[in-house]
Structure formats: structure tokens, C-alpha cells
Asker: 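Below: one structure in C-alpha cells.
Labels below follow one simple rule: chain letters A, B, ... track the order of the sequence lines, proteins then strands, and each chain is numbered from 1.
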Amino acid sequence: MTEFRMPSLGADMEAGTLVEWLVKPGDRVKRGSVVAVVETQKGAIEIEIFNDGLVSEIVVPVGGRVPVGTVLARLDGPAITPAQAAPPSLPPPLPAAAPPPAPPPSVPIVPIATAAPSRQPASPAARRLAGERGIDIQRLRGTGAGGAVTVADVEAAAPTVPGGETGRRRAGFDPAAMRQAIAAAMSRSKREIPHYYLSQTVEISGALARLERVNRERLPPDRILPAAFFLRAIALAMAKTPELNGFWEEGRFRPGDSVHIGWAIALRGGGLVAPAIRDADHRSLDELMASMRDLVLRARSAGLRSSELSDPTVTVTSLGDRGAETVLPIIYPPQVAMIGIGRIVTRPWVVNGAIEPRPVVTITLAGDHRASDGHRGGVLLAEIDRLLQEAETL
Amino acid sequence: MNEAEAKTLVLDVLSSIAPEADLAGLRGKVALRDELDLDSMDFLNFITFLHQRTGINIPEADYPKLSTLDSAVAYLHR
């Protein structure tokens, strides 16, 4: 028998609310299938399971708000050794009569002093509909399991005044709770992590020329953005600089098992999430672009999965073409580095002894000085620069 | 596609990208990206969804012609 527990979706999560079960006792589940939807400060997240088996018991009903690590359901069937499938940040198993055979490595879960206010449970479909109609789901009485608000409840409710204070809102998204989560993680970072900062200006006319040529031949769904080039160069360079890729835990550095890049996505209406693009160093330019598009769309419509939120080994933020020229990032603990990409600007550049206008971008690194020194950080930035100069083969 | 249909289409696509925006109050001649806070990915999705709904290719070189509500409508119904 195995136990399915409330996963940790980042160091800043302490609890989650079960809003929907997609399986029932007697159902057969496969590793990687989405079995439940949990509401967190990052919105409603689809939770995947990491074992094959038969669901024998649902322990936490819809509407239950439980701490990370709580048993949500039990499965019959052998536990699968959570090799690379299991996110490394799964919580340590709680004391139990029969502990799971292969406990995953643990990371400390940082408690958040202020708990998020308890929220009205609701099905994702009901939340979506309420968002579309501008209805504040917190004020509805649920008639579903565990008092959850259903689609019928939303349909029965009178819509709030359009343009009123509640406004339209992303499903399952509570800006105040997310603000608290960001506050907790960033305060911890500034309190604990001795940051060092490095910056490199990179000339990118070659990358932009290739981009223009490639996009001219393609229809809009297949076009790529400059961010895909940056991400590809960063992923390859990170793979060569393992001391910047991983976690600072219990006073020492633990390297990541692969390069999982947390891609920072600003949410409309405030807040941000950084879901992981897993094994980014093994993905082509087109695959990275497809991942970014997919994540941005799903992050903004509350459709992220648990495995995407739990284990980035480094975070990248790109300010885009309406952002500032340079960003000095704040590391997301327990990671040990964060990379920032500024806005592409045209600046005077010396080419063969003459000054020419060229497109350039400033790439910055915030490093954790406990885990690495500025020299290694400089090596990383130089490698990113070198790769971007070889844009034709990137 | 006539002008009214083109405007309905553009507003519909924008509402899927910026669901929180008050599109009824959107002015015709201001830059969409500034007015609706669209980043590069949002704008590419805007172009992609318009392409998928109309079949028009919309090459990158034409992006500036879709920078405002009025110009995007004019581009689609020309």
C-alpha cells in the first residue's frame, strides 16, 4: 500500500485546499496522471501522482485544507521507487506505522507565519464560470461535496455589478495570498542569502537575424521569440556550471539532478509564478519556445501542474520588450542562483574599431555566495555570451 | 469579413488574452500593448489567435499594422 500526500509546490507553501478529486475508490491510476486539484497561493494546481495503483481510500474530502505532507488518499499496489519521477522537494514522510519504502530526499519547508484565510471550496469549472460572470465565489453557498460551490450554484447566483470592486479574476487566484507567499519567500532570501551580482552586455544581432529569417518562413503558431534563444543559451551554460544549479539546504549545497529552469511569469493583476521547464538543456529552440508558450497560457488561466511548480533548480526572469534594461534578481530559496534578461536595446557598439548601432541585451546573475564565488558566475555569463554569438547553431 | 465582424473578432481575442481588461472602454487609436499591458508572448498569442480564426498569415513585418484596435480591424477587413 502507498500513501498519496499533499505535495510541496515550493518552499513557500505550507498547506493546500483540496478542491476536486478526479479519481474515486476503485479507480486505477498511472504514474503521472492528474488525480486531484489543490488550491494554493499560486492558484488551483493539478496534482499528479507518482505511483501506479488502485485507489483504495480517499482520506481528505473536497474542501479540506491540510498541511503539506498530509495523506490525501491511499493506494493498493507496490510503491515505485521515486527515482527521477518524484520531485526532490517532496516533503519528508510524516511518522506513520508503515512508512513508505523509499522516502524521497527531504527539504525544509519554510513555515509562513500568517496563514492564508480559509477559502470557499469550489470546482474549477465553477471558478471559471464565476470568473467569466464577475461573481465573487467567496460569497456563494456551495451545495456540492464538502460544501463546494458547483457550476449550478454559480448559475443560480445573481451576477455582481460589472466593473464593481470584485471585478473579473483568474480562476482560483487570490492576489492577497500570493502577495503573502512572495513576501515570505523574498524576505527569507534577503535575510539568509548573501547575494553577489554580475552583469554582462551581449550583442545579439546574429540571434535576431536568425530569428527574423526563421519566423519569415513560419505561420504565427510556430514563430519564436528572442526569449527562446536566451533560454537555450542559459540552459546549456547552466549544465556546464553545476555549482550554480541546485539548492542550499541544511548548510550545504545540493546540486540539481538536471537543469530545470523556473520561468518567471508575471500574472495579470499582480503576482508571479515560476513553473519549471524540466531538462531544459536537452530541449531544442522550438521545444523551449513551445514550453514557454504553454506555461504562460496555463499560468494565466490557472492550469499548472504540481510537477512544474515543485522543483526548478534555477530561475530565469525576462523583462520583455516593455521592461527595464537591467534587472538585479532576488534568488528564490532554496535555489542558489537567478538569471535576469533585460530589454533588447540598440546601443553604440565597437565593431572592428568603428562604432556601429547594434542590438544588445544585459544578462545579469544573482548568485548565492555561500554556494559559489563570483568567478564561477562570470564563467557562466561568458558562456551564455559565447553561445549567443553562435546563434546559427544554437 | 466586414468591419463590425473584424472588430468583434479582435475584441474577442483580446478578452481571452487579457480577461480582466475593460474592453468596452478601449480607445481605438492607443497602442494595445501599452493600454492592455501585453508582453511579447501576449502579443504573439494575439497574432496567433487572429491567424487561427481568419487564416491570414500576418507576417512579422506587418505587426506594427496591428498595434491599435482601429488599425488591427482595418488590417483584417481590408
Side-chain angles (χ1 to χ4, degrees), chain A residues 128 131-134 162-164 166-171 173 175 208 211-228 230-231 263-270 272 289-302 317-323 341 343-344, chain B residues 1 6 8-27 30-69 71-78:
Chain A
R128 210 171 297 127
E132 283 167 15
R133 299 203 176 167
T166 49
R168 302 218 295 183
R169 188 158 285 169
R170 202 171 70 95
F173 175 49
L208 294 187
L211 190 79
E212 194 185 330
R213 208 180 53 245
V214 165
N215 284 346
R216 205 161 33 209
E217 310 293 319
R218 294 183 176 193
L219 291 175
D222 301 320
R223 287 182 195 152
I224 50 181
L225 292 171
F230 302 144
L231 203 57
W263 178 248
I265 298 170
L267 297 176
R268 310 188 61 82
L272 66 145
M289 183 65 203
S291 300
M292 288 191 303
R293 286 186 91 147
D294 175 50
L295 286 177
V296 168
L297 277 175
R298 286 192 295 116
R300 290 178 179 162
S301 62
T317 182
S318 171
L319 301 185
D321 51 8
R322 297 178 60 247
I341 306 164
R343 175 167 49 97
I344 297 170
Chain B
M1 180 181 297
T8 304
L9 172 62
V10 170
L11 289 175
D12 193 41
V13 166
L14 286 174
S15 74
S16 70
I17 293 168
E20 79 294 347
D22 174 20
L23 294 175
L26 186 62
R27 291 169 291 163
V30 301
L32 291 173
R33 300 198 51 183
D34 295 332
E35 195 75 354
L36 300 176
D37 194 18
L38 306 182
D39 65 17
S40 339
M41 191 70 85
D42 291 325
F43 193 77
L44 180 55
N45 283 329
F46 173 60
I47 299 290
T48 299
F49 295 155
L50 288 178
H51 160 76
Q52 287 168 340
R53 300 270 292 266
T54 63
I56 301 173
N57 174 357
I58 319 180
E60 269 191 331
D62 285 356
Y63 286 3
K65 297 178 186 167
L66 292 100
S67 61
T68 71
L69 176 59
S71 69
V73 170
Y75 184 88
L76 294 175
H77 94 103
R78 61 189 173 149

Asker: So which part of B:Asp22 gets closer than 4.5 Å to some heavy atom of chain A, the side chain, the backbone, both or neither?
Answerer: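 Neither part, no heavy atoms under 4.5 Å.
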Asker: Heavy-atom pairs under 4.5 Å with chain B are the metric here; pick the option from A:Pro221, A:Gly320, A:Ser318, A:Ala227 that has the most.
Answerer: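 Top option by heavy-atom pairs under 4.5 Å: A:Pro221.
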Asker: Within residues 45-54 of chain B, which positions have a heavy-atom distance to chain A below 4.5 Å?
Answerer: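 Within residues 45-54 of chain B, the residues under 4.5 Å from chain A are B:Asn45, B:Ile47, B:Thr48, B:Phe49, B:His51, B:Gln52.
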Asker: Taking all atoms of both residues into account, what is the closest heavy-atom pair of A:Ala264 and A:Leu272, and its distance?
Answerer: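 In this case the closest contact between A:Ala264 and A:Leu272 is CB-CD1, 4.1 Å.
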Asker: I would like to know whether A:Ile344 and A:Phe230 meet side chain to side chain contact (heavy atoms under 4.5 Å, CB included); could you show each step before the answer?
Answerer: CA-CA 11 Å; A:Ile344 297 170; A:Phe230 302 144; 4.1 Å; yes
Asker: For the side chain of A:Asn215 and the backbone of A:Ile224, is there at least one donor-acceptor N/O pair under 3.5 Å apart?
Answerer: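 Here the side-chain-to-backbone pair exists.
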Asker: Holding to side chain to side chain contact (heavy atoms under 4.5 Å, CB included), I want the full list of residues that pass it with A:Asp222, two or more places apart in sequence or in another chain.
Answerer: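 A:Arg218.
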Asker: Flag the one option from A:Pro220, A:Ala266, A:Gly323 with the top tally of heavy-atom pairs under 4.5 Å to chain B.
Answerer: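 The option with the most such pairs is A:Pro220.
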Asker: Testing the basics here: between B:Leu14 and B:Leu26, what is the closest heavy-atom pair and its distance to 0.1 Å?
Answerer: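 Heavy atoms only, the tightest pair is CD1-CD2, 4.0 Å.
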Asker: Can you tell which part of A:Arg223 gets under 4.5 Å to a heavy atom of chain B, answering side chain, backbone, both or neither?
Answerer: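 Looking at A:Arg223, backbone and side chain both touch chain B.
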Asker: May I ask you to test the B:Glu35-B:Leu69 pair for a side-chain heavy-atom distance under 4.5 Å?
Answerer: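 The answer is no, as the side chains (C-beta and beyond) never meet within the 4.5 Å cut-off.
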Asker: Salt-bridge test for A:Arg322 and B:Asp37: reply yes if a basic N is under 4.0 Å from a carboxylate O, no otherwise.
Answerer: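 Yes, A:Arg322 and B:Asp37 are salt-bridged.
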Asker: Taking atom CZ as the centre, does B:Arg27 end up with more than 12 heavy-atom neighbours from other residues, nucleotides or ligands that are less than 6.0 angstrom away?
Answerer: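 Atom CZ in B:Arg27 is not crowded, with 12 or fewer foreign heavy atoms closer than 6.0 Å.
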